[in-house]
Engineer: 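Input: one structure, supplied below.
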Number of protein chains: 2
Amino acid sequence: MTQLPTREELRIWRDFIETTDALRAELAARLQHDSALSTGDYAVLLALTEAEGRRLRSSELAAVIGWERSRLSHHLGRMDKRGLIRRENCTNDNRGAEILLTEEGASAFGRATVPHLRAIRDLFVDALTPDQIAAAGDLAEALRGRLNR
Amino acid sequence: MTQLPTREELRIWRDFIETTDALRAELAARLQHDSALSTGDYAVLLALTEAEGRRLRSSELAAVIGWERSRLSHHLGRMDKRGLIRRENCTNDNRGAEILLTEEGASAFGRATVPHLRAIRDLFVDALTPDQIAAAGDLAEALRGRLNR
DNA sequence: GGAATATAATTGACATGTCAATCATTTCCG
DNA sequence: CGGAAATGATTGACATGTCAATTATATTCC
């Protein structure tokens, strides 16, 4: 039978989850401020930038960034309206859509990437000792292992 | 001048942030499944349960759980509609509102709490060694320090 | 061939989050 | 006192997220 967490374990849990949340929020705010992109926009643009021919089937894009398809569909609608991506019919499967990076999307991503990496360096890498960074990797692996159990 | 993160640092960063995100999502899903409550609902109900007289001024509630007031206001509207809390006018400051826990809210929280703590134990505490739990506390402190710089 | 099924993607309804604007009351101070 | 500023809270507009239903095409298999 499973025990409940102790007071101290609960304190660490709350500290941990709230801090990672605040970290994510601060990074998103900086990205928005520096580049007018959300972290979702960034993930989509990164995947397309790295894709063969700067284009991907919608479902492959969803798999690459780990999103549900309906979420992606809604998000692509918004990015399309802003001119960051475009949708084309897939030639060999008429059900499918191909998502391609526009010039505008590519240049927005280009402007975003260095400031974003700097922010990661500033808020994560430089905040930790090399041991702590290794510990973060360990933690992620252990937690991920439990989640995928 | 700030260097960019190395490939390895970036790999750990992505692992770390994605895993904590997945952890949060899984915990929210279990809470929803076990208790029909969101983590937001839970935070509000916890704060009210622990408050003197099971009631709090709206702004104090916001401070306790660390939310913006407009976010809280919207959320309380939804919780009010579901009968989990009630709003009353504050007697000594007519601008203010007092939020109070209903019987229904209290019992919903009562049903939620043990399963939720068990989920934290299962997904966090039991996934880690004691050393790793301590390391998680360290990490949170270091990252928090940088965020509050 | 053609009905049943699977797959790709979008859509609609709604929950949640942020930001800026608004409204009412209280407090400050000349 | 009484107008200006501060405070408490809500609201509206919109971005984002989930889930279930829908649409359209492709595949399977008798």
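Letters A, B, ... are given to chains in the order of the sequence lines, protein chains preceding strands, and every chain is numbered from 1.
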Engineer: Reckon A:Arg87 touches a base, only the sugar-phosphate, or nothing at all at heavy-atom distances under 4.0 Å?
Structural biologist: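 Sugar-phosphate contact only - A:Arg87 comes under 4.0 Å of backbone atoms but never of a base.
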Engineer: Select one nucleotide: of C:dT10, D:dG8, D:dA9, the one nearest the side-chain heavy atoms of A:Ala97.
Structural biologist: C:dT10
Engineer: Taking CH2 from A:Trp67 and C1' from D:dT16, how many angstroms apart are they, rounded to a whole number?
Structural biologist: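 Computing the A:Trp67:CH2 to D:dT16:C1' distance gives 9 Å.
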Engineer: Closest nucleotide of DNA chain C for A:Ser70 versus for A:Gly96: which of these residues is on the 5' side?
Structural biologist: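 It is A:Gly96, whose closest nucleotide lies nearer the 5' terminus.
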Engineer: Please check the phosphate of C:dT16 (OP1 and OP2 only) for any side-chain N or O of B:Ser38 closer than 4.0 Å.
Structural biologist: yes
Engineer: For C:dT7, take OP1 and OP2 only and decide whether either is under 4.0 Å from a side-chain N or O of A:Arg69.
Structural biologist: no
Engineer: If we count only N and O atoms by modelled type, under 3.5 Å, do the side chains of B:His75 and B:Arg78 hold a donor and an acceptor together?
Structural biologist: yes
Engineer: Using only side-chain N and O atoms of A:Asn94, determine if any of them is under 4.0 Å from OP1 or OP2 of D:dA24.
Structural biologist: no
Engineer: What nucleic acid atoms does A:Arg78 come within less than 4.0 Å of, heavy atoms only: base, sugar-phosphate, or nothing?
Structural biologist: base
Engineer: Take the protein atom CG of A:Asp93 and the nucleotide atom C1' of D:dT27, then report the distance between them rounded to whole Å.
Structural biologist: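 Atom-to-atom, A:Asp93 to D:dT27, this comes out as 11 Å.
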Engineer: Tell me: CG of B:Leu84 to P of C:dA15, nearest whole Å?
Structural biologist: 13 Å
Engineer: At less than 4.0 Å, is any side-chain N or O atom of A:Arg57 found next to OP1 or OP2 of C:dA9? Yes or no.
Structural biologist: yes
Engineer: OP1 or OP2 of D:dA9 versus the side-chain N and O atoms of B:Ser59: is any pair under 4.0 Å?
Structural biologist: yes
Engineer: Quiz question: going by heavy-atom distance under 3.5 Å, is there a donor-acceptor pair between the base of D:dT7 and the side chain of B:Arg95?
Structural biologist: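 It does, because a donor-acceptor pair links the side chain of B:Arg95 to the base of D:dT7 below 3.5 Å.
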Engineer: So, do A:Met79 and A:Leu45 sit near enough that their side-chain heavy atoms are less than 4.5 Å apart?
Structural biologist: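 When only atoms from C-beta onward are counted, A:Leu45 and A:Met79 do touch, with a gap below 4.5 Å.
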